Asker: 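Pasting in a structure now, in structure tokens, and then I'll have a few things to ask.
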Amino acid sequence: MCGIVGFTGGRQAAPVLIDGLKRLEYRGYDSAGIAVADGGKIGVAKVKGYVKNLAELTHDGADIPGTMGVGHTRWATHGVPNDINAHPHLSCDGRFAVVHNGIIENYAQLREELTRQGYEFVSETDTEVIAHLLESVYAGDAKKAVMKAFSRLKGSYAIGILCTDGSGRIFAVREAGPLIIGLGVGENYFASDVSALVQHTKNVIYMEDGQFAELTPEDVTIFDSFGRPVERKVSRVTWDVEAAEKGGYEHFMLKEIMEQPATFKATVEPRVVDGEVVFENFSLTDEELHGINHIVITACGSAGYAGQVGRYVIEELCRMPVSVELASELRYRNPIIGEHTLLIVISQSGETADTIAAMRECKLRGARTLAIVNVVGSTISKLADNVIYTWAGPEIAVATTKGYTTQVAVLDMLAIYLAKRLGTIDGARYSHLVEELLGMPAKIQRALDLNKNIEELAESLSYHNDIYFIGRNLDYAVCLEGALKLKEISYIFAEAYAAGELKHGTIALVEEDSLVVAIACYEPLFEKTMSNIEEVKARGAKVLAVALEDNKKIFTKADEYLMVPRCEPIFTPIAEIIPLQLFAYYVARANGCDIDKPKNLAKSVTVE
Ligand code: G6P
């Protein structure tokens, strides 16, 4: 939610900032702006809409002189998207420019206080209070002003500050919002995501909550909230800039769909050693593991739907009760969770506000925590007792694809791993499942290749206003994600229902030419799903079936179909979601939607 960049060096800052913003745009895209200091004056350019509008306005930054500055791409919280509410915001004296991600919870009180002191507000944002607050506490030392202002702010935020007090410094402040420092040669940077830094440097520092940083072209110092320098922990980014570029595809989403055989392999293969699943730094002892009597999975959005797949697989293999809880609900539910609970937290970004809050709540109650996270160094990865990274590489499209399949990959591996340690799986089945999992990248590739007509098919069905997804057991878990993908990027009403629930309400909505996507790969319940297909067809619905490629029976019943390669049954969801991702993609494309930047959504929801 909102992207932040900062730069200080010996070259013109504006083009660097705009390039960084383009790479962060998936975090928010309703307005964009930069502020650059040039000889004691701050030049600002900001505009409603995409970063490309800002680039056009400033000729890719060429019009704005100066060698240090900050930039922002916005996902509005306080105040509508317009040029005035766009960041950066300036102090009245023009000494400070501020960009901000997150929410200042006490902004109303600060705004009143500062207004009484005579500061004039021009925007509706909470961010503007920071700029005026900085001016009000400034007494000749920018670092002290940052520290003082920091101590007055409540909420969760990441802030970038530009100050023209002549010393060539920019500041970054972190309190529960992602912020990363990039270390260059003769220049330094900060950004809310590594993807804005990798084209400049692979040496980064992940800031922690309650820290602020002072950046000059030559040096970076990190301080705690009392202004005491803290040790810098430099990490190395392991992926290249090409990983965060489109690589010839029309959209990041399509590129990321196509990457899935490779990302799945990258997640699984290094963790199978001599036929055994091994996890790095998995610290639960056998005694602790046997003391666990309940697994709770918590997450938001697609990560939660990956958790739904995980629930079936873990329960099946480990014979342990598993519940999947929406993080936004769990955090406020006074949950019955204690030291015998293993909490599995799933998050691509590792920064989702509700997921973090739910995790903190459960940790307070004594739960052991295991995080499945993609972004290295993210908040959730740091909070967890154990972390398993999905190693999917940067995911840029707002609608997750490879993020989801790699989360399912880890959950499948975890189920196999835990089953062995708990003694609920025999050796032959264990070896078989490990072997099958290693074979899944080829199955994903086949799922990509099988449905040659999918673009045409999606186009022909793209006129529907509402689409129902039905399935049972693992197929139902996949329905949830398939429907979410479609609604996120095509804005078509799409909802998933357990097929067995049809008769309890949903069937009332089915009429002539309704489109029902029936996922029917789970063979033990195939006949039951077939009955549901008959029922909706009897009421005039058109059925798009998603079925195993060798299942002849369904092809005689369905109006249209998408094929899935035969896999080990518990791993079928991984192949099943592929045609549904493609279907959502091509429906959205046929309807002219902005696929990588769907309206009102953001990749990483760092506010509640
Ligand atoms: C947003 C994204 C979704 C994602 C969800 C959870 O809503 O648009 O794609 O599933 O957040 O994000 P996380 O980073 O925690 O997986």
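One-based numbering, in listed order, for ligands and for the atoms of each. Owing to the predicted nature of the structure, the values given are computational and were not obtained by experimental measurement.
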Asker: To which protein heavy atom is atom 3 (C) of ligand 1 closest, and what is the distance rounded to 0.1 Å?
Answerer: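 The closest one turns out to be Glu488 OE2, 4.1 Å.
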Asker: Among protein heavy atoms, which sits nearest to atom 8 (O) of ligand 1, and what does the distance come to when rounded to 0.1 Å?
Answerer: Ala602 O, 3.2 Å
Asker: Which residue and non-hydrogen atom of the protein lie closest to atom 9 (O) of ligand 1, and at what distance in Å?
Answerer: Val398 O, 3.4 Å
Asker: Measure from the side-chain N and O atoms of Lys603 to the backbone N and O of Ala397, and report whether any donor-acceptor pair falls under 3.5 Å.
Answerer: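 Yes; judged by distance alone, with no hydrogens or angles, the pair exists.
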Asker: Look only at the side chain of Trp391 and the backbone of Thr406, and say whether a donor-acceptor pair between them is shorter than 3.5 Å.
Answerer: no
Asker: Cut-off 3.5 Å, side chains only: do Lys485 and Ser302 have a donor facing an acceptor?
Answerer: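 Short answer, yes.
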Asker: I need the nearest protein heavy-atom contact for atom 4 (C) of ligand 1: residue, atom name and distance, please.
Answerer: Ser302 N, 4.2 Å
Asker: Nearest protein heavy-atom contact for atom 7 (O) of ligand 1: which residue, which atom, what distance?
Answerer: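 Nearest neighbour among protein heavy atoms for atom 7 (O) of ligand 1, to 0.1 Å: Val605 CG2, 4.0 Å.
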Asker: Looking just at side-chain N and O atoms, do Thr379 and Arg174 make a donor-acceptor pair shorter than 3.5 Å?
Answerer: yes
Asker: Using a 3.5 Å distance criterion without hydrogens, assess whether the side chain of Asn374 forms a donor-acceptor pair with backbone atoms of Ala392.
Answerer: yes
Asker: Using heavy-atom distances only, which candidate in Glu395, Lys485, Lys603 approaches atom 11 (O) of ligand 1 most closely?
Answerer: Lys603
Asker: Which ligand 1 atoms does Ala303 reach within 4.0 Å, using its non-hydrogen atoms?
Answerer: 10 (O), 16 (O)
Asker: For atom 14 (O) of ligand 1, which of Ala306, Ser349, Cys300, Ala397 has the closest heavy atom?
Answerer: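 Nearest option to atom 14 (O) of ligand 1, by heavy atoms: Ser349.
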Asker: Is the distance between the ring centroids of Phe279 and Tyr417 under 6.0 Å?
Answerer: yes
Asker: Regarding Asp354 and Thr352, do their side chains bring together a donor and an acceptor under 3.5 Å, going by distance alone?
Answerer: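 Asp354 vs Thr352: no donor-acceptor pair found between side chains.
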Asker: Using a strict 4.0 Å cut-off to heavy atoms of Ser347, name the atoms of ligand 1 that fall inside it.
Answerer: 13 (P), 14 (O), 15 (O), 16 (O)
Asker: How far is atom 12 (O) of ligand 1 from the closest protein heavy atom, and which atom is that?
Answerer: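 Scanning the protein heavy atoms, the shortest distance from atom 12 (O) of ligand 1 goes to Thr352 OG1, 3.4 Å.
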Asker: Could you tell me whether Glu455 and Arg589 have a side-chain N and a carboxylate O separated by less than 4.0 Å?
Answerer: yes
Asker: Can you pull out the closest protein heavy atom to atom 16 (O) of ligand 1? Residue, atom name and distance to 0.1 Å, please.
Answerer: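 Answer for atom 16 (O) of ligand 1: Gln348 N, 2.7 Å.
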